[in-house]
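Following: one structure in structure tokens, then a few remarks.
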Amino acid sequence: MTGTFKEIIETAEKKGARKRVVVPWASRENMRILGKASEHNFIMPLLIGKGREVEMLVKSTPLASLDHEIIDEKDSGRALFKAIQMIRENQADILMQGDMDHQMFIDSVLDDEKGLLSAKLASFVSVFQLLKRDKLILITDTYLNNYPSLVEKQLILENALSLARILKVDSPKVAALASIEQVNPGIPSTLDASILSKMSQRRQFGNVIVEGPLDIDCALDKDAALRKGVNSIVTGNVDIYLTPDIEVGYPLAQLLVFIGKMQMVGILMGTSKPVILDLPFVSNENKVAEIALAALI
Amino acid sequence: MIRTLNDVSRLAKEKGPKKLAVLAPEDREFMEAVKKSQQMGYIEPVLIGNQETMQRVADEVKFDISNVEKIFEVDRQAIANLGTAMLFTGDVDMSSKGQIPTSFIYRSIIKEESKAGTGRTISVITLWEIPELDHFMAFTDTGANIYPDYKAKVAVLKNAIFLFHILGYTRPRISVLSGQREIGGPLASHEDGRSLQKAAASGKLGECEIIEATSFFEFFVGKGRQLADYEEIDIKKLPEILLVSSLDTGNILCKLDFFLNVKRRSLVMTSKGPVLIPSRADFCDSIMGEIAMGVVVADRIKGVV
């Protein structure tokens with residue numbers, strides 16, 4: 001089981017083959033990060049943008065002395081289209097968002113006909129490194145889907161389970177979060193969580209244990225859960241936290257970053273090849289680990 | 001202005017004892033917290049609950065309750081009604097949830113507020129003490145309203161602003177938290193935030209300021225910028241009150257104290273005094289801290305209502 005971001009980077013290094021990371025409209029910061037990642041020798045950057053300008057930017061970063069390729073394209077929309085085409089045609093392995101509008105990027109990546117969606121639904125998974133022990137936890141969906149239905153939550157969970165398998169989490173333990181640990185017909189999140197939990201009991205997710213509904217104190221603390229009458233192998237040792245909606249997922253991830261000072265990376269799941277979003281609350285210092293995570297997929 | 005839980009403990013000793021109705025202290029952690037709070041001089045408890053269970057847990061934590069006022073009742077709703085009625089008639093200064101479903105207490109408060117004709121909406125305010133932050137930060141509503149609409153949000157905010165005024169914050173800064181981000185279209189939580197901001201600016205919410213930022217990222221980094229490293233995070237930028245969009249958001253965020261180095265205190269501000277709402281999973285120290293907070297609020301509310 002991969003327990004730290006350092007291990008993610010080391011595993012990506014050990015895999016040997018360099019992954020081709022295509023970046024439409026890369027910023028100077030993108031290039032600086034790509035340079036740092038290239039030093040670990042697990043990627044080869046392919047930069048699509050205005051040729052001369054890209055060359056100039058590259059020269060101001062450590063990437064200048066490392067392997068990279070520049071593909072000339074004058075328009076940012078066409079650069080993105082080209083990058084997605086390259087992924088579809090197996091000319092690149094990872095798509096990384098450059099300096100462009102987030103909605104345009106997502107819409108293009110998830111376009112039914114010309115995009116990269118391979119699962120029934122794409123979702124975003126935040127990966128956090130615990131502060132007190134070597135363990136990674138996954139929280140989803142923290143960025144993409146607003147108010148997922150039960151069916152969509154099932155797909156979001158399956159996407160997270162795919163990532164958990166890549167991180168070698170044996171029999172993942174999932175907390176389907178809600179505001180209370182009891183099933184309350186007036187609180188929809190508790191109903192969805194209880195159904196997912198029942199589905200897991202019937203082994204519909206394979207070797208996975210989903211417990212829900214769990215409030216956060218039960219999820220985080222076994223003793224607290226026992227005092228509320230919840231006795232589960234999941235409590236106090238959760239691998240995946242499934243949030244009810246974006247009004248929980250988005251602030252939860254950010255609170256852990258900004259108040260908890262927990263290191264976070266993230267990845268879009270449900271696409272044919274890994275896609276790295278340019279989220280402003282993933283710190284620059286963690287972006288190398290984020291690229292390494294994509295390289296493992 | 002009360003900035004830390006140390007301030008609260010000190011003031012609770014000064015201003016106590018206050019009379020506290022404890023609703024079903026039928027669990028060791030709760031009874032222990034009541035015992036220690038009495039020893040500290042915070043409270044004079046009135047224990048309401050099942051006679052046998054209360055006596056058993058009192059014995060377990062070596063708390064001699066022979067001279068403590070007790071009301072024996074087994075029905076959960078009747079316990080909540082009794083304690084809440086005592087608060088509203090002034091027989092006690094505050095009440096606290098023990099091993100009893102919170103919804104029973106809300107029902108009792110709604111009934112009493114209705115009788116008193118206040119029209120007050122129930123909401124739970126959860127205060128956090130965060131190291132290096134020179135003020136309290138609160139989430140609201142963390143316990144009562146599942147999906148508050150605009151009108152309910154106004155009422156929820158007014159309750160929180162009232163509490164902060166009592167704690168000495170003359171113009172609390174507020175953020176209306178939202179999942180609104182670069183993608184996904186407009187969210188109702190964000191729209192409500194803009195409307196609340198206008199209401200606050202025109203003075204309809206009392207002395208307060210609703211800031212533009214609606215996410216932690218915007219508090220600490222700002223739109224159009226990128227978090228470089230964690231060294232740049234200045235915790236002092238946190239506003240005092242975070243209005244959340246749903247019960248799920250409020251309850252999940254506010255209990256992250258089980259994970260992070262923060263301390264939590266939750267209460268309902270009724271028109272007559274505080275009702276403490278510790279989680280049924282809370283431990284003695286946390287419950288004691290909540291009682292201390294209640295003492296301070298109960299003391300200060302007397303001069304206001």
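Order of the sequence lines sets the chain letters (A, B, ...), proteins ahead of strands, with each chain counted from 1.
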Between [X] and chain B, which part of the residue has a heavy atom less than 4.5 Å away: side chain, backbone, both or neither?
X: A:Pro244; value: side chain
X: A:Lys132; value: neither
X: A:Leu226; value: neither
X: A:Met262; value: both
X: A:Asp107; value: neither
X: A:Val282; value: backbone
X: A:Ile106; value: side chain
X: A:Glu29; value: neither

Does [X] [atom1] have over 12 foreign heavy atoms under 6.0 Å away?
X: B:Lys111; atom1: NZ; answer: no
X: A:Lys6; atom1: NZ; answer: no
X: B:Glu52; atom1: CD; answer: no
X: A:Ile233; atom1: CD1; answer: no
X: B:Lys237; atom1: NZ; answer: yes

From CA spacing to verdict: side-chain contact (heavy atoms from CB on, under 4.5 Å), A:Thr243, B:Ile252: CA-CA 9 Å; A:Thr243 67; B:Ile252 290 170; over 6 Å; no
Modelled atom types, side-chain donor and acceptor of B:Ser279 and A:Asp217, under 3.5 Å: yes
Any side-chain donor near an acceptor of the partner, A:Tyr143 and B:Glu182, under 3.5 Å: yes
Row check, B:Phe283 ring normal vs A:Arg227 NZ/CZ: under 6.0 Å, within 45°: yes
Contact winner vs chain B - A:Leu220, A:Leu144, A:Leu255, heavy-atom pairs under 4.5 Å: A:Leu255
Contact winner vs chain B - A:Val257, A:Asp215, A:Ile180, heavy-atom pairs under 4.5 Å: A:Val257
Option in [options] with maximal non-hydrogen atom pairs under 4.5 Å from chain A:
options: B:Pro131, B:Gly185, B:Ser178; answer: B:Ser178
options: B:Phe220, B:Phe219, B:Phe258; answer: B:Phe258
options: B:Gly143, B:Ser189, B:Ser246; answer: B:Ser189

For a quick test of reading the model, state the closest non-hydrogen atom pair linking [X] to [Y] and the distance between them.
X: A:Tyr250; Y: B:Ser215; answer: CE2-CB, 4.1 Å
X: A:Gln103; Y: B:Gly184; answer: OE1-N, 2.9 Å
X: B:Leu260; Y: A:Gly260; answer: CD2-CA, 3.6 Å
X: B:Ala228; Y: A:Ser283; answer: O-CB, 3.5 Å
X: A:Gln254; Y: B:Phe216; answer: OE1-N, 3.2 Å

Derivation and outcome, side-chain contact (heavy atoms from CB on, under 4.5 Å), residues A:Phe124 and B:Ile183: CA-CA 12 Å; A:Phe124 189 78; B:Ile183 63 163; over 6 Å; no
Criterion side-chain contact (heavy atoms from CB on, under 4.5 Å) on A:Leu279 and B:Phe217, from CA distance to verdict: CA-CA 10 Å; A:Leu279 294 195; B:Phe217 169 74; over 6 Å; no
From [atom1] ([X]) to [atom2] ([Y]), nearest 0.5 Å:
X: B:Thr249; Y: A:Leu252; atom1: OG1; atom2: CG; answer: 9.5 Å
X: A:Ile259; Y: B:Asn261; atom1: CD1; atom2: CG; answer: 11.5 Å
X: B:Asp248; Y: A:Glu247; atom1: CG; atom2: CD; answer: 10.5 Å
X: A:Leu256; Y: B:Leu256; atom1: CG; atom2: CG; answer: 6.0 Å

Side chain proximity check, A:Ile216 to B:Asn251, heavy atoms < 4.5 angstrom: no
4.5 Å side-chain heavy-atom contact, B:Leu227 and A:Phe258: yes
B:Arg280/A:Glu181 salt bridge by N-O under 4.0 Å criterion: yes
Worked check of side-chain contact (heavy atoms from CB on, under 4.5 Å) between B:Gln226 and A:Phe281: CA-CA 7 Å; B:Gln226 166 74 40; A:Phe281 56 95; over 6 Å; no
